[in-house]
Amino acid sequence: MGHGNRVHPMSYTDPSIPLQHRPMVPRKDIAVYGYGSVSWKDRMEEWKKKQNEKLQVVKHEGGNDGGNLDGEELDADLPMMDEGRQPLSRKLPIPSSKINPYRLVIIVRLAILGLFFHYRLLHPVRDAYGLWLTSVICEIWFAVSWILDQFPKWYPVERETYLDRLFLRYEKEGKLSELASVDIFVSTVDPMKEPPLITANTVLSILAVDYPVDKVACYVSDDGAAMLTFEALSETSEFARKWVPFCKKFNIEPRAPEWYFTQKIDYLKDKVHPTFVRERRAMKREYEEFKVRINGLVATAQKVPEDGWTMQDGTPWPGNSVRDHPGMIQVFLGHSGVRDVEGNELPCLVYVSREKRPGFEHHKKAGAMNALIRVSAVLSNAPYLLNVDCDHYINNSKALREAMCFLMDPISGKKVCYVQFPQRFDGIDRHDRYSNRNVVFFDINMKGLDGIQGPIYVGTGCVFRRQALYGYDAPVTKKPPGKTCNCLPKWCCCLCCCSRKNKKTKQKKTVKKSKQREASKQIHALENIEEGISDSISQKSSEASQMKLEKKFGQSPVFVASTLLENGGGPRNAIPPSLLSEAIQVISCGYEDKTEWGKEVGWIYGSVTEDILTGFKMHCHGWRSVYCMPKQPAFKGSAPINLSDRLHQVLRWALGSVEIFLSRHCPIWYGYGGGMKWLERFSYINSVVYPWTSIPLLVYCTLPAICLLTGKFIVPEISNYAGVVFMALFVSIAVTGILEMQWGGVGIDDWWRNEQFWVIGGVSSHLFALFQGLLKVLAGVSTSFTVTSKAADDGEFSELYLFKWTSLLIPPTTLLVINVVGVVVGVSDAINNGYDSWGPLFGRLFFALWVIIHLYPFLKGLLGKEDRMPTIILVWSILLASILTLMWVRMNPFVSKDGPVLEICGLNCDD
């Protein structure tokens, strides 16, 4: 336990309760005390009034100095009198009993790595110099990659929020809620790939969130301009009038009906309302009818008419041409007259489809998100934004309140640009064969980053500060006054103080002289000009600032004006046609031309993984982010659970990293001097460098088969010293993983699956992404890898066994085959050569089995549910493996290059 200073709360009495007068000397007259500094009735009443005012809700503006999350002292005039005055969150460092051994093992592992490379470099293999050199180069790359991944986990932390304090501070009884407004973005493109029912559940969970309804606005971006999405959203808005009051009346979780009605728990737990069972049955029937209507829309949309779709009034649907249509905005909920079945107000629900024209670059998801930023700024202009994918519903109805505990904290919230929540998934089998949950990243890596400058942005489940998305720098924290040091001699302190004073006085003199010169010039100038000219100068300066803002944000005066409002604000009760026409303008194709959108403002363009790039730019501006992990997951989504879809998902992420690496925004050389911490930069460098590891990883996984086929090895005969170093390295790797699992709360199954899929994805998706990125950036050639589906079995997790042919499957299958062939050849050769050849074989066998074990989930994915491998995979892999095997046998056969060695056996065959 620490022994730091503690803040003892002052006793506070309720002013509404009359106090009993208890003077120490009741008979003495007040006049006897004479005149002095002790104030009586009037002064006392004034003091009480001030104290009561200080106990009121602290406004969100707080102090002007911002503050940081590392903790600053509270204002002395604001004593910690009640629970509402306390901080809204706190940082919980990992216990020293867990983190100190972990750091010690990292240092020991670094020392062992030094000894390992010292031995490897000084002991080359003369008869297999090429194999030795290749293996050493790969190992050096792996060591650098490990350092980039390991050291950002040096300061892991956890955080705890206090929702009760948030309520006391911003939601006083009898007063309007002072919680900040939030605009929520949902993005979708193709309703055939992203089912409308899934999007509808996400929207319903947003509309039913536990937050003041007048402070929530949901914007759905339909980048495919599909009438199916439009009609499904219309049906969703009608069903929401029944679903939202049901959720809030009975306080149910989660508030996405599909997952609420299918969860396998006791839904009567903690429910005491006598009508709950009856109303739940009625609501379930209503939801099933809603699903039937949505399914009917999907079935109707399968056959598109030749002339395209038409609206109810007979006009053609504007989005009949996906790549050539005007901008569309429709407000379904939130305007006057639309309320739920109980007569209560509903959150705002807006459908948005930005304009698309041939010849314009639309920048995919990043462009759609930037369009939503501008539309929401014109219509509602909330100071905070939440973005979720269409398949990520709100699983914890208090998720927004959790985020506000960080963003609205007047002491520590000013420098927070976003609050990132971990991604959790439904519908994944308990074995998680392909590491879809990604638990190691979300529960270990992100906690480590939270202790530095904050987690990276992962594309969904993130609450942003709007001002940070506008490209503004983080507020500068005032440095505390300098302190004298007691550890140095007095004469040293005096010298230091004198030198500082001399520097300060010189600086003050120069500043004063420059100020005096400027002031004299201004005085003489003002004496020679008239007042009208000064007015014109001020007008010109305002016009210049307006032009500068328009150059940055675009030509919309309404949007430009909204960017100057740090705390947001805008019309909520009604959306006049003038604002709608302005909103249509800001989603036009040419609005971003010659502006800083996608460069310094909004989601950043230039990569398919716009999330990494956007978060990186914010951290370069000095902002910090926060990682929030509530006990009940804030968001849940769906993940691809079959092998092919999972590899394509990883391919897209790796391709984005390659694009960032080859751009001007690469963390290796971009963003210095902006306030980003070095360990945070290490993490960003690792996030864009990891696809390059695919080349040494592929080569390294091929080396065991080569060693077994040629009889060579990458290390010479191992001495006792080398054996100790190798064993120490393996032990340090294992201990590091065990300690990470301990402080991160990760199970060994999740950790091992992550290790296996690191190899599987590295030799397939990362490799293809690297070549695809190089072709795209350097040669301008865009390539794609299509996925064609085959039939799948019915039943639970049936999609797990669904096979889709893709070229990504060839490299890992080839590695499996050549390593298995190498093991067979190596064992056969040892059997033929006798007992002495088994000793050197064990090292090669261990090397090959390491590769095979890591690729085992991939093998299970190929074999499928009925243990059958697709013919096309088998043919391609056997062909490549045979070619590689024959090449090495031809280059280095098991017999001498001069022909078979003939020796006299000693037997006389003539006898």
**Asked** side chain to side chain donor-acceptor pair (under 3.5 Å) between Q649 and R646: does it pass, once the steps are laid out?
**Response** CA-CA 5 Å; Q649 183 188 54; R646 175 64 169 150; 2.9 Å; yes
**Request:** Evaluate the criterion side chain to side chain contact (heavy atoms under 4.5 Å, CB included) for residue pair E659 and L655; output intermediate values, then yes/no.
**Result:** CA-CA 6 Å; E659 291 174 341; L655 175 60; 4.1 Å; yes
**Item:** From CA spacing to verdict: side chain to side chain contact (heavy atoms under 4.5 Å, CB included), Q742, L739
**Value:** CA-CA 5 Å; Q742 185 181 21; L739 293 177; 3.5 Å; yes
**Prompt:** Does the pair V125 and I714 meet the rule for a side chain to side chain contact (heavy atoms under 4.5 Å, CB included), with working shown?
**Reply:** CA-CA 7 Å; V125 182; I714 59 176; 5.8 Å; no
**Request:** I would like to know whether L809 and L643 meet side chain to side chain contact (heavy atoms under 4.5 Å, CB included); could you show each step before the answer?
**Result:** CA-CA 9 Å; L809 302 175; L643 178 60; 3.8 Å; yes
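With rounding to the nearest 0.5 angstrom, the CD1 atom of I394 is 14.0 Å from the NZ atom of K636. Atoms CZ and CG, from R844 and L708 in turn, are 7.0 Å apart once rounded to the nearest 0.5 Å. One distance of note links CG of D645 with CG of N436; it measures 9.5 Å at 0.5 Å rounding. Once rounded to the nearest 0.5 Å, the distance linking CD of E158 with SG of C628 reads 12.0 Å. Expressed to the nearest 0.5 Å, how far CG of N395 lies from OH of Y260 amounts to 13.5 Å. Here the OG-CD1 distance, from S145 to I685, works out to 12.0 Å after rounding to the nearest 0.5 Å.
For K365, the side chain to side chain donor-acceptor pair (under 3.5 Å) criterion is met by D389, not counting sequence neighbours. With sequence neighbours left out, the ring pair (Phe, Tyr, Trp, His ring centres under 6.0 Å) criterion links W758 to no other residue. For R90, the salt bridge (charged side-chain N to carboxylate O under 4.0 Å, His left out) partners are E160, not counting sequence neighbours. Looking at residues two or more places apart in sequence or on another chain, you find a salt bridge (charged side-chain N to carboxylate O under 4.0 Å, His left out) between K153 and D149, E740. R109 is linked by a salt bridge (charged side-chain N to carboxylate O under 4.0 Å, His left out) to nothing, counting only residues two or more places apart in sequence or in another chain. Shown here are the ring pair (Phe, Tyr, Trp, His ring centres under 6.0 Å) partners of F116, two or more places apart in sequence or in another chain: F726. By the ring pair (Phe, Tyr, Trp, His ring centres under 6.0 Å) test, H123 pairs with Y119, sequence neighbours left out. Looking at residues two or more places apart in sequence or on another chain, you find a salt bridge (charged side-chain N to carboxylate O under 4.0 Å, His left out) between R437 and D432.
Looking only at side-chain heavy atoms (C-beta outward), Y155 and L679 come within less than 4.5 Å of each other. Residues V650 and F757 have side chains in contact (heavy-atom distance under 4.5 Å, counting atoms from C-beta outward). Contact of the E253 side chain with the W259 side chain is not registered, since no non-hydrogen atoms from C-beta on lie closer than 4.5 Å. A heavy-atom distance below 4.5 Å is found between the side chains of R120 and S135. Under the 4.5 Å side-chain criterion, counting only non-hydrogen atoms from C-beta, S607 is not in contact with I612. Taking 4.5 Å as the limit, every side-chain heavy atom of T460 sits out of range of all side-chain heavy atoms of F635. Proximity of L110 to F151: side-chain heavy atoms (C-beta onward) are separated by under 4.5 Å at one or more points. Residues E680 and F616 fail the side-chain proximity criterion, which asks for heavy atoms closer than 4.5 Å.
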Could you go through residues 847-858 and list every donor-acceptor pair under 3.5 Å that involves a side-chain atom there, pairing it with any protein atom two or more places apart or in another chain?
| unit_1 | atom_1 | unit_2 | atom_2 | d |
| --- | --- | --- | --- | --- |
| H854 | ND1 | W850 | O | 2.8 |

List the atom pairs, with distances to 0.1 Å, where a side-chain N or O of residues 727-738 and a protein N or O form a donor-acceptor pair under 3.5 Å, not counting sequence neighbours.
| unit_1 | atom_1 | unit_2 | atom_2 | d |
| --- | --- | --- | --- | --- |
| S732 | OG | A728 | O | 3.3 |
| S732 | OG | L729 | O | 2.7 |
| T736 | OG1 | S732 | O | 2.7 |

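Checked by atom type, the side-chain pair Q420/S625 shows no donor-acceptor distance below 3.5 Å.
The backbone N or O of A256 sits nowhere less than 3.5 Å from a side-chain atom of S205 that would complete a donor-acceptor pair. At least one donor-acceptor pair under 3.5 Å links the side chain of S764 to the backbone N or O of I760. Without hydrogens or angle criteria, D450 side chain to P156 main chain gives no donor-acceptor distance under 3.5 Å. The backbone N or O of G761 lies less than 3.5 Å from no partner atom in the side chain of S765, so there is not a single donor-acceptor pair. At least one donor-acceptor pair under 3.5 Å links the side chain of Y418 to the backbone N or O of P455.
Of all heavy-atom pairs spanning C138 and P696, the tightest one is SG-O, 3.5 Å. Shown here for D611 and Y457, the closest heavy-atom pair between the two residues is O-CD2, 3.2 Å. Residues V658 and P691 share a closest heavy-atom pair of CG2-CB, 3.7 Å. Here the closest heavy-atom approach between residue I456 and residue M446 is recorded as O-CE, 3.5 Å. Pairing each heavy atom of L148 with each of P152, the nearest pair is O-CD, 3.1 Å. The minimum heavy-atom distance between P254 and Q263, with the atom names listed, is CD-OE1, 3.6 Å.
Exactly one of I818, N819, L815 qualifies for a side chain to side chain contact (heavy atoms under 4.5 Å, CB included) with P704. That residue is N819.
Legend: side-chain hydrogen bond (donor to acceptor under 3.5 Å, both in side chains) pairs involving residues 681-690, not counting sequence neighbours, sorted by first then second residue: H619-Y684. Legend: salt bridge (Lys or Arg N to Asp or Glu O under 4.0 Å) pairs involving residues 749-759, not counting sequence neighbours: none detected.
Atom CG of L92 sits in a crowded spot, with more than 12 heavy atoms from other residues, nucleotides or ligands closer than 6.0 Å.
A salt bridge links R424 and D443; the closest N-O separation between the charged side-chain nitrogens and carboxylate oxygens is under 4.0 Å.
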